[in-house]
A.B. asks: 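Just dropping this structure here.
Below, chains carry the letters A, B, ... as their sequence lines are ordered, and counting in each starts from 1.
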There are 2 protein chains.
Amino acid sequence: MSEHESADSGDDDQELGITKSKEYETGEWYAEVVKKAGLANYAPEGMSGFIITRPRGYALWERLQGFLDAKFKDTGVQNAYFPLFIPESYLEAEKDIVEGFDPEVAWVTHGGHDELEERLAVRPTSESIITPYISQWVRSHRDLPLRVNQWCSVVRWEATETKPFFRTKEFLWQEGHTAHADRDGAWDETMTRLDQYESVYEDFLAIPVLRGQKPDHDKFPGADTTTTVEALMPDGKSVQGGTSHYLGTSFAEAFDITYSDEDEAERHAHTTSWGLSWRALGALIMTHSDDQGLVLPPTVAPTQVAIVPIWQEDTKDEVLGYAEGVAEELEEAGIRVELDDRDTRNPGFKFNEHELNGIPVRFEIGPYEVEDDEVTVVHRPDGEQSTVDREGIAETTREHLDEVYAKLYAAAEENLEGEVREADSRDEILGTIGQHGGYVKAPWCGDEECEDEIKDQIAAEIVMVPFEEDDDRHGTDHDDTCAVCDDDATRTAYFAKSY
Amino acid sequence: MSEHESADSGDDDQELGITKSKEYETGEWYAEVVKKAGLANYAPEGMSGFIITRPRGYALWERLQGFLDAKFKDTGVQNAYFPLFIPESYLEAEKDIVEGFDPEVAWVTHGGHDELEERLAVRPTSESIITPYISQWVRSHRDLPLRVNQWCSVVRWEATETKPFFRTKEFLWQEGHTAHADRDGAWDETMTRLDQYESVYEDFLAIPVLRGQKPDHDKFPGADTTTTVEALMPDGKSVQGGTSHYLGTSFAEAFDITYSDEDEAERHAHTTSWGLSWRALGALIMTHSDDQGLVLPPTVAPTQVAIVPIWQEDTKDEVLGYAEGVAEELEEAGIRVELDDRDTRNPGFKFNEHELNGIPVRFEIGPYEVEDDEVTVVHRPDGEQSTVDREGIAETTREHLDEVYAKLYAAAEENLEGEVREADSRDEILGTIGQHGGYVKAPWCGDEECEDEIKDQIAAEIVMVPFEEDDDRHGTDHDDTCAVCDDDATRTAYFAKSY
Ligand SMILES: [Zn+2]
Ligand SMILES: [Zn+2]
């Protein structure tokens, strides 16, 4: 902090506190937290739909990247980088199998002063350029499985209201693309990535998720199966947290990905693709934060512990010395700690600022703590306060960080469990979602029309269907009928409004 | 390697070896190494000037990023992310102080089916969007220094011949932008980043560099001083390895970056910017590689040691078991090791492949090594072979990796030292560069016209002028005259052809 020290106390132009209520004005509250915690700014005029990701926001993405990328590398994924642009004819080629993204593509038409012969799309997703190269690189079964991933930004020109990290024209994500010899290999891959996405939410962001697949009519175009993890937001809407697609052989057929098997026969590969975007940060901010500002689990927090020394002139040296010793010990133990020794700010101001910025644990150290060889520990999510021994502080801190994580997870889990309700009729689905939001589980025949009846009335849709093995309605040996049409129910559907 | 094991030996479509000569066909040789070592492919038709960065190439960038980003973070830099696009009016605003990039900008004119009201440039560099935000974020001297960096790709629509990592329309880089209270702070920052760039080359890529500043007429537009590190390539041309600009107050004045100082007076900040691109990878590949393929220093190599077990049917188990033990021990010590236990390839094929791919050290382990408790170690750059004890193998390996680094650095240093020549006249400059390439040091008056006389004749320019404190021609108390015009020489100029 030394660079910010000074004798002058100055005023901040902006008010520090959050003024909106999470419960009653969720949208405005979210925007205020993003701005005041310094996560992002809106882009300037002429750039509506774009955001500026400030260091405190980008640090969250970097930490998420670190967590997920390590898992990718442990499971055979290699990173690569493909061009930002895709020729229009490439997107057209993909149209044979998928509908394409062109209503929402940004087009480059000029390079310097010259008009291009062929328009270039700013990538809305990269399969149409990655898949042809996978096709070149795969010759024999010895080249399989082949896995490439890229971390990049993509652009989709949607004309919806901007919501930082949830809805922006440009967003950061990763997209992985793999080829395998057979269905089993590709299906295992699809599940490995879904498991890793689940782990991002449950083990890193402290957000429990539901896992399953999308209804057939809502799959990724061209996919055999689209799998998803879904997270419930405090406003009762579901966020699609990451998707992993088993593409069957459709992309391999369209782009000619073949390999010679052990008997020298030519076969089509089975492919997958999977992506997770910075929407995960939106879910993170939305789930845990409160009317005091940002709340972060210690896993993702750039600073895990803020130490606030509290001194009078005559106790300053001993208090600061003691606090510095604590900070060093935590730092050596690999804990991300910040000693806030600014003497231009009083402790109350610092408490508020660290709360606004979501630092998970605060240490307060004054003359009493020094005298008793102790540290006062405060948890950000609930303000719980305790006094702990100075000795073994690094180990104790770890326990407190784990406790904070557990508290956040438990609160999110309790919310989720209370927000999954059952319904047996069309009216009950509509009434339950209308009144409570959240998820409504209902027996479903599998027809899109039955979803449409709900969607038309209340803008809720089937966000997820549990996997066959998790769904005791799968198969025929049960008596349930579809909540909407009364035909035989073959699956359980989770209806919800969604982001 | 287990996923590549199989009973079948198949043929590769492509020839494994390098066919061009580094000495006589440097350009073709470079292109062949990039392709055959699997670093990059050219992009498809309609996308000339773009490349596909394959995993083995991208891994080099990831490692460089890790090295440099850690240095940035240790010295107060925070990463952020700004939009991919910049409104045309923003680039126009920058024109007041700089010439601008628009002859080489890619323009987005349409979003979906609609023409945009204002064209958007795909960022050729981001100061015109970053600087206005720095202006917003800086209020008081307590906000300074402010440092943001972004790792991203930029696009410059230059119609030159493509050379992977050296000349591509899209390239990966980092750009840092900082604001400081005064000249000293900003100048220190400029030097800190130049030191870090020097360290990337000298401590990580095993390439010695020359450091200095660009002539005034060749500065970054709007800069007070442009500093550079220059690396000599084997074809005798200089590569600008990274630049760090002290911008004075010109950008602060144009974009209104002011702060209130300790006496509440409003002052303009002093700013800097600095960037390093994947051209560093081009220099890496070009400098060390040879007619057998890629050569990498162990620092940047994704795999540092390849272990090739050599067995007959009756010795297979013991040889493989021994090799696995060695691999495990290296891995536990944090050495990046690959055990090449494919039984579809003979050892000679494996040797060639690992040489082509630039793995710095090879271990050969056969029955004799097992019997004698030894390992045969081969250095990639010069084929030096030795036999070492199995005991303490991790420590021994580190020593060998350090030796390989030292060999590469020494070779590059020897080349550089032999390629700096002196000249005292226009004809001597022309003759020396014409005959030898490399750098020619000459006394210079400081006039652009004197550089033009050289440039017009032989396409060599002043790539670097040593800093004043390193240049005994600086000042007036010496008798040298400019090699070109015979006016007083005030500086030493390094002439060279450049990339
Ligand atoms: Zn139905
Ligand atoms: Zn002259």
A.B. asks: Compare every heavy atom of A:E170 with every heavy atom of B:L84, then report the nearest pair and how far apart it is.
C.D. replies: N-OE1, 2.9 Å
A.B. asks: Go through the atoms of A:P302 and report whether side chain, backbone, both or neither lie under 4.5 Å from a heavy atom of chain B.
C.D. replies: neither
A.B. asks: Is any side-chain heavy atom of A:F50 closer than 4.5 Å to one of B:I129?
C.D. replies: no
A.B. asks: For atom CD of B:E331, decide whether the heavy atoms of other residues, nucleotides or ligands shown that lie under 6.0 angstrom number more than 12.
C.D. replies: no
A.B. asks: Do you know the tightest heavy-atom contact between A:Y90 and B:P44?
C.D. replies: OH-CB, 2.8 Å
A.B. asks: What option among B:G38, B:P83, B:A40, B:G46 has the most heavy-atom pairs under 4.5 Å with chain A?
C.D. replies: B:P83
A.B. asks: Relative to chain B, which segment of A:E62 carries a heavy atom at a distance below 4.5 Å: side chain, backbone, both, or neither?
C.D. replies: side chain
A.B. asks: Taking atom CD of A:E266 as the centre, report whether more than 12 heavy atoms of other residues, nucleotides or ligands fall under 6.0 Å from it.
C.D. replies: yes
A.B. asks: Taking all heavy atoms of A:F85 and all of B:A106, pick out the closest pair and write down the distance.
C.D. replies: CZ-CB, 4.3 Å
A.B. asks: Considering only heavy atoms, which portion of B:L172 lies under 4.5 Å from any heavy atom of chain A: side chain, backbone, both, or neither?
C.D. replies: side chain
A.B. asks: Supply the atom-to-atom distance A:W107 CH2 to B:H113 NE2, rounded to the nearest 0.5 angstrom.
C.D. replies: 9.5 Å
A.B. asks: Heavy-atom distance under 4.5 Å to chain B: side chain of A:D263, backbone, both or neither?
C.D. replies: neither
A.B. asks: Is atom CZ of B:R267 surrounded by more than 12 heavy atoms (other residues, nucleotides or ligands) closer than 6.0 Å?
C.D. replies: no
A.B. asks: Under a 4.5 Å heavy-atom cutoff, which of B:L116, B:N149, B:I130 has the most pairs with chain A?
C.D. replies: B:L116
A.B. asks: Top residue by heavy-atom pair count (under 4.5 Å) with chain A, among B:E118, B:Q78, B:E158, B:R54?
C.D. replies: B:R54
A.B. asks: What part of A:N41 is in contact with chain B, defined as an atom under 4.5 angstrom from a non-hydrogen atom: side chain, backbone, both or neither?
C.D. replies: side chain
A.B. asks: I'd like to know which of B:Y133, B:F82, B:W61 tops the heavy-atom pair count under 4.5 Å against chain A.
C.D. replies: B:Y133
A.B. asks: Given heavy-atom pairs under 4.5 angstrom as the criterion, report whether the side chain, backbone, both or neither of B:P132 touches chain A.
C.D. replies: neither
A.B. asks: Checking heavy atoms, do the side chain of A:L120, its backbone, both or neither come under 4.5 Å from chain B?
C.D. replies: side chain
A.B. asks: Working to the nearest 0.5 Å, report the span between CH2 of B:W157 and CG of A:D114.
C.D. replies: 10.5 Å
A.B. asks: Looking at B:P87 and A:M47, what are the two nearest heavy atoms and their distance?
C.D. replies: CG-CG, 3.4 Å
A.B. asks: Might you confirm whether atom CD of A:E117 has over 12 heavy atoms from other residues, nucleotides or ligands at distances under 6.0 Å?
C.D. replies: no
A.B. asks: Distance from B:T109 atom OG1 to A:R119 atom CZ, nearest 0.5 Å?
C.D. replies: 7.5 Å
A.B. asks: Does the side chain of B:Y58 come within less than 4.5 Å of A:V148's, by heavy atoms?
C.D. replies: no
A.B. asks: Name the region of A:Q136, side chain, backbone, both or neither, that has any atom closer than 4.5 Å to a heavy atom of chain B.
C.D. replies: side chain
A.B. asks: Among B:S153, B:P55, B:A43, which residue forms the greatest number of heavy-atom pairs with chain A at distances under 4.5 Å?
C.D. replies: B:P55
